[in-house]
Each structure stands twice: as C-alpha cells, then as structure tokens.
Amino acid sequence: METGSPENAGTAGVEPTAGGQVGTAPVEAETVWIGLPPGLLRMRRLLLVVWLGLLAVGLGLLLGLLAGPAWAAFALLPLALMAWGWVMLGRNWASWRYAERADDLLISRGVLWQEETVVPYGRMQLVEVTSGPVERHFGLASVQLHTAAAATDATIPGLDPAEAERLRDRLTELGEARSAGL
C-alpha cells in the first residue's frame, strides 16, 4: 500500500514508516523528556519517615500503656506502610517528566493512572513559581501553569529554583509570542 493512495487520504496523524508502511508517528521520537531532580524524592521520603515514624511511636506508646504490651505490636503497621510508601514514592517520582516542544509543553505523570497534559503556549495566561517552607529548605520550587481552560492547568513540582525561573521566563515569552495573533 502506498502512502499517496486514495485509501490513505484524510487519515490524520498517519505517516509512512521507514519501510514505506503507514503507521502512527511516535510522539516520543522527537520529544526530549526532562525528569524531576532527586531532591523532590528525598523531601517526600523524609516527610514519609517523619510522619509515619511519629505515628508508630505514638501508637506504640498509647497501645502499650492502655491495652498492654501485646497490643503495642500494632505499632509496626505504620512501619510496614512506610516501607510500601517508600517504594511507591520512588515509582511516582520516576513517572514525572516534562518536555518543551515548539508549540506546547507536555507534562507526563502517573504509574497506574498515567496522565499526559498538553499545554499550548498560546493558551497560557499565568505562569507562577511557588516554593513553600519545606520546599525552600530542600532547594526546590514548583511551576504552576494557568490556562484559559481550567482543565489544562498544570503543575511541575520539585524543580531547582533556577530551572523553575528559566522555565517560567521561557513559557511566558513563548506564551506572549503565540497569543499575539489572537
């Protein structure tokens, strides 16, 4: 089957492959994905250990004093949850990535429920860089994108502050350039 044949006319998103056959063009081929820095993973894991560690100690003391030492063994449940959460946080962190393309920004995330958000530069209304006290302690910042449609608002968490500011400036510049014709 040839790519110029009438049978292929009107098929959007279909390009010939190297062998001359028609297939969908892979998005990943021309897209350069950027992952999140490891500081975000360290911060989230530390918060997990602190909160579940405090819960385990408090639960152990409370159950040990009120119900007896045998019941204090239930304090190991938060520790098991901590081990499971440690692995899940690593998987979640590894799933986050973003890519700057010519006309839009892609944000991909999720392990079980994978989500890919495409934010066209011309639709961006506001780009914010935020950093709470814990994020600042770990040297991290988040980029929040607001668009004309609330459904396409997006966030890129845990970036280095310099990268977050660079991304904000670049997205603002591209957004102004793309929306000038509207």
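This is a predicted model, so every value here is computed, not measured. Every heavy atom of this structure was used, including side-chain atoms; hydrogens, water molecules and symmetry mates were not.
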Taking every non-hydrogen atom, the tightest pair across Ser95 and Gly110: OG-N, 3.0 Å
Heavy atoms only: give me the nearest Gly60-Ala72 pair and the separation to one decimal. O-CB, 3.7 Å
Treating Ile, Leu, Val, Met, Phe, Trp and Tyr as nodes and any side-chain heavy-atom pair under 4.5 angstrom as an edge, say whether Met82 and Leu76 lie in one connected cluster. yes
Side-chain H-bond candidate by donor/acceptor type, Glu135 with Ser142, under 3.5 Å: yes
With side chains defined as the heavy atoms from C-beta onward, is the minimum distance between Pro157 and Arg44 less than 4.5 Å? yes
Quick one: do Glu163 and Arg166 make a salt bridge, cutoff under 4.0 Å? yes
Decide yes or no for Leu105 and Ile156: does some side-chain heavy atom of the first lie under 4.5 Å from some side-chain heavy atom of the second? yes
What I'd like to find out is whether the side chain of Leu59 reaches to under 4.5 Å of the side chain of Leu77, using heavy atoms alone. no
In sequence, state the C-alpha distance, the side-chain angles, and the governing distance for Met88 and Val111, and then conclude on side chain to side chain contact (heavy atoms under 4.5 Å, CB included). CA-CA 9 Å; Met88 291 300 109; Val111 177; over 6 Å; no
As a quick check of understanding, evaluate side chain to side chain contact (heavy atoms under 4.5 Å, CB included) for Leu40 and Trp96, giving each step before the final call. CA-CA 11 Å; Leu40 178 66; Trp96 275 86; 5.9 Å; no
Closest non-hydrogen atom pair, Trp93 against Pro37: NE1-O, 3.0 Å
Would a 4.5 Å heavy-atom cut-off, applied to side chains only, mark Leu159 and Leu140 as touching? no
Any chain of hydrophobic side-chain contacts (each under 4.5 Å) joining Val49 to Leu54? yes
For Thr117 and Leu106, what are the C-alpha separation, side-chain angles and deciding distance, and is it a side chain to side chain contact (heavy atoms under 4.5 Å, CB included)? CA-CA 6 Å; Thr117 305; Leu106 297 177; over 6 Å; no
Working to the nearest 0.5 angstrom, can you tell me the gap between Arg123 CZ and Asp104 CG? 13.0 Å
Rounded to the nearest 0.5 Å, what separates atom CG in Leu48 from atom CG in Leu41? 10.5 Å
Is the shortest side-chain heavy-atom distance between Leu167 and Tyr98 below 4.5 Å? yes
About how many Å separate NE2 of His146 and OG1 of Thr155, when rounded to the nearest 0.5 Å? 7.5 Å
Is Ile34 reachable from Val129 through a run of hydrophobic residues whose side-chain heavy atoms are each under 4.5 Å from the next? yes
Might you point out which heavy atoms bring Val119 and Ala154 nearest each other, and give the distance in Å? CG2-CB, 4.1 Å
Decide yes or no for Glu173 and Tyr121: does some side-chain heavy atom of the first lie under 4.5 Å from some side-chain heavy atom of the second? no
Group every Ile, Leu, Val, Met, Phe, Trp and Tyr by side-chain heavy-atom contacts under 4.5 Å, then state whether Leu126 and Leu171 land in the same group. no
Same cluster for Trp86 and Val50 if Ile/Leu/Val/Met/Phe/Trp/Tyr side chains link at under 4.5 Å? yes
Within this structure, what is the CZ-CG distance for the pair Arg42 and Leu89, rounded to the nearest 0.5 Å? 14.0 Å
Please list all pairs passing the ring-ring contact (aromatic ring centres under 6.0 Å, His included) test where one or both residues lie in residues 57-84, with sequence neighbours left out. Trp71-Phe74
Near Arg91 CZ, under 6.0 Å, is it more than 12 heavy atoms from other residues, nucleotides or ligands? no
For the pair Arg97 (side chain) and Ser108 (backbone), establish whether a donor and an acceptor sit closer than 3.5 Å, ignoring hydrogens and angles. no
